[in-house]
Amino acid sequence: MNNYDVIFIGSGHACNHGAFSLAAAGKKVAIIEQGKNGGTCTNYGCDAKIILDGPFEYREGLQRYDNIGVKAPEINWSALMEYKKTSSVSV
Ligand SMILES: Cc1cc2nc3c(=O)[nH]c(=O)nc-3n(C[C@H](O)[C@H](O)[C@H](O)COP(=O)(O)OP(=O)(O)OC[C@H]3O[C@@H](n4cnc5c(N)ncnc54)[C@H](O)[C@@H]3O)c2cc1C
């Protein structure tokens with residue numbers, strides 16, 4: 001049986017901040033995760049939202065220049081969704 005100073009249940013941002021600081025301070029830390037490592041933000045929340053939202057924000061900005069010769073790009077929604085479903089979403 002292993003002994004730990006701290007055990008985190010769930011590997012989301014709350015754990016991330018605590019676990020790394022405690023490990024850096026020399027504590028023995030365990031993380032128990034029932035789903036995907038990284039929690040909501042990394043896998044389904046913030047990062048995934050930025051992947052889907054980001055291109056539309058850029059396009060909206062460019063659309064303001066439409067009448068002075070700047071063409072806003074087409075966005076391939078299916079390709080974005082496919083990328084979001086991969087395990088390593090980042091931009
Ligand atoms: C669509 C969406 C967009 C978001 N956008 C933003 C944003 O732009 N900015 C922002 O600041 N916040 C955003 N959030 C909120 C952010 O994701 C949360 O505030 C953050 O993830 C909370 O972190 P947490 O560690 O408390 O919980 P979580 O990240 O939810 O982690 C909890 C983990 O615990 C695990 N778990 C639960 N029960 C058990 C168990 N019994 N045994 C083992 N493991 C267990 C879960 O599987 C999960 O991995 C967004 C959320 C969503 C849904």
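Order of listing sets the numbers, starting from 1, for every ligand and every atom in it.
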For [atom], what's the nearest protein heavy-atom neighbour? Residue, atom name and distance, please.
atom: atom 23 (O) of ligand 1; value: H13 N, 3.9 Å
atom: atom 27 (O) of ligand 1; value: G12 CA, 4.6 Å
atom: atom 44 (N) of ligand 1; value: Q34 N, 3.1 Å
atom: atom 29 (O) of ligand 1; value: T40 N, 2.9 Å
atom: atom 49 (O) of ligand 1; value: E33 OE1, 2.7 Å
atom: atom 9 (N) of ligand 1; value: C46 SG, 3.8 Å
atom: atom 51 (C) of ligand 1; value: G45 CA, 4.0 Å

*asked:* Does only the side chain of K49 get under 4.0 Å from ligand 1, or the backbone, or both, or neither? Count heavy atoms.
replied: side chain
*For K27, look at atom NZ and say whether over 12 heavy atoms of other residues, nucleotides or ligands are found less than 6.0 Å away.*
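No - once you tally the heavy atoms of other residues, nucleotides and ligands closer than 6.0 Å, there are 12 at most.
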Shared hydrophobic cluster, [X] / [Y] (ILVMFWY, side-chain heavy atoms < 4.5 Å):
X: I75; Y: M81; answer: yes
X: V6; Y: I32; answer: no
X: Y83; Y: W77; answer: yes

*Under a 4.5 Å cut-off applied to non-hydrogen side-chain atoms, are T40 and H13 in contact?*
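They are not in contact (no side-chain heavy atoms under 4.5 Å apart), so the answer is no.
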_Please check whether I9 reaches ligand 1 - meaning an N/O of the residue sits under 3.5 Å from an N/O of the ligand, judged on distance alone._
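I9 vs ligand 1: no N/O contact under 3.5 Å.
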*Is Y44 close to ligand 1, meaning an N/O of one under 3.5 Å from an N/O of the other?*
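No - when backbone and side-chain N and O of Y44 are compared with those of ligand 1, no distance drops under 3.5 Å.
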*Listed by chain and number, what are the side-chain contact (heavy atoms from CB on, under 4.5 Å) partners of Y44, not counting sequence neighbours?*
K36
*Test Q34 against I9 for side chain to side chain contact (heavy atoms under 4.5 Å, CB included), laying out the working first.*
CA-CA 9 Å; Q34 69 179 2; I9 298 175; over 6 Å; no
*Output, in order, the C-alpha distance, side-chain angles, deciding distance and verdict of side chain to side chain contact (heavy atoms under 4.5 Å, CB included) for D47 and K84.*
CA-CA 9 Å; D47 291 1; K84 188 196 79 102; over 6 Å; no
*Write out all pairs satisfying disulfide bond (SG atoms under 2.5 Å apart) with one or both partners inside residues 14-44, taking only residues at least two apart or from two chains.*
C41-C46
Please check if a non-hydrogen protein atom sits closer than 4.0 Å to [atom].
atom: atom 20 (C) of ligand 1; result: no
atom: atom 47 (O) of ligand 1; result: yes
atom: atom 14 (N) of ligand 1; result: yes
atom: atom 39 (C) of ligand 1; result: yes

*For ligand 1, which atoms have a heavy atom of I32 less than 4.0 angstrom away?*
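Listed by number with element, the hits are 43 (C), 44 (N).
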*May I ask which of G18, A14, A48, G10 has a heavy atom nearer to atom 24 (P) of ligand 1 than the others do?*
A14
*First locate atom NZ of K71, then atom CZ of R59, and finally report the distance between them rounded to the nearest 0.5 Å.*
10.0 Å
